[in-house]
Amino acid sequence: MFNFGVMASGAGSNFQALLAQIEAKRLNAVCSFLIVNNKNCGAAQIAKAKDIPVYHISSVTHPDPLEYEQAFLDVLKKHEIDFLVLAGYMKKLTNSLLMHLKNRILNIHPSLLPKFGGQGFYGRRVHEAVIEANQAWSGATVHLVSGEYDNGLILGQSMVPVFINDTPDSLAARVLVAEHNLYWKTLRDYAASLGY
Ligand code: GRF
């Protein structure tokens with residue numbers, strides 16, 4: 001059994017998929033909190049409906065960079081977690097957060113990294129680039145978070161085919177299903193490898 005916090009700022013489907021695996025007792029873990037960059041995002045609504053504490057931390061709520069950095073550490077002080085799981089969180093993490101949870105922060109990216117990753121490769125842009133490059137395969141990657149975008153040890157990948165008539169939206173939908181199936185298993189296996 002382990003605890004994790006989630007950071008998200010989008011629709012929250014990966015967050016929801018993780019919670020569903022906990023509820024189905026396939027993932028033996030507790031989700032302790034959600035940090036959002038945008039308080040109206042879908043992920044925040046999901047957390048509220050499940051009574052999971054939500055913290056809104058952004059450069060609007062905390063314009064002072066030191067207070068911004070401290071706000072994350074305050075959440076970590078309040079909730080002891082074993083892992084931090086990024087699920088559609090677009091901002092770079094602060095150095096102190098990275099240091100505090102070294103090798104314990106996971107991210108999911110909607111391509112087969114190292115292909116189609118790095119700055120500028122997010123959301124629809126990833127799938128457009130995969131189609132433009134005539135790739136036969138795309139997929140999802142779960143990796144450890146380092147200081148650079150989409151760079152860090154790869155923990156798990158799942159492939160999906162790219163069809164000739166795919167649009168960025170149809171490909172994104174197929175990859176998202178792969179993400180939902182991949183994230184909880186990779187988190188479970190990585191936690192087990194560290195003795196949880
Ligand atoms: C996913 O495609 C994930 O790979 C990327 O952001 C998206 C988040 O989607 N990092 P959702 O909010 O989990 O639905």
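Note that these values count all heavy atoms, side chains included, but never hydrogens, waters or copies made by symmetry. Both ligands and their constituent atoms are indexed starting at 1 by order of listing.
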*Identify the closest protein heavy atom to atom 13 (O) of ligand 1: which residue and atom is it, and at what distance?*
Asn14 N, 2.8 Å
*Closest protein heavy atom (residue, atom, distance) for atom 8 (C) of ligand 1*: Gly88 CA, 3.7 Å
Using a 4.0 Å cut-off to any heavy atom of [X], which atoms of ligand 1 qualify?
{"X": "Ile108", "result": "3 (C), 4 (O), 5 (C), 10 (N)"}
{"X": "Gly10", "result": "12 (O)"}
{"X": "Pro110", "result": "2 (O), 4 (O)"}
{"X": "Ser13", "result": "11 (P), 12 (O), 13 (O), 14 (O)"}

_Looking at Tyr196, I'd like to know if its OH atom is crowded, meaning that more than 12 non-hydrogen atoms belonging to other residues, nucleotides or ligands lie closer than 6.0 Å._
yes
_Within the supplied structure, the quantity of interest is the number of heavy atoms (other residues, nucleotides, ligands) at a distance under 6.0 Å from Lys50 NZ; does it exceed 12?_
no
*Does Gly12 have a heavy atom less than 4.0 Å from any atom of ligand 1?*
yes
*So, do Leu144 and Tyr190 sit near enough that their side-chain heavy atoms are less than 4.5 Å apart?*
yes
Distance only, no hydrogens: is a donor on one side chain within 3.5 Å (strictly under) of an acceptor on the other, for [X] and [Y]?
{"X": "Lys185", "Y": "Gln21", "result": "no"}
{"X": "His180", "Y": "Ser13", "result": "yes"}
{"X": "Thr141", "Y": "His143", "result": "no"}

Is [X] close to ligand 1, meaning an N/O of one under 3.5 Å from an N/O of the other?
{"X": "Phe15", "answer": "no"}
{"X": "Glu179", "answer": "yes"}
{"X": "Met90", "answer": "no"}

*Got a donor-acceptor contact below 3.5 angstrom from the Arg174 side chain to the Pro161 backbone?*
yes
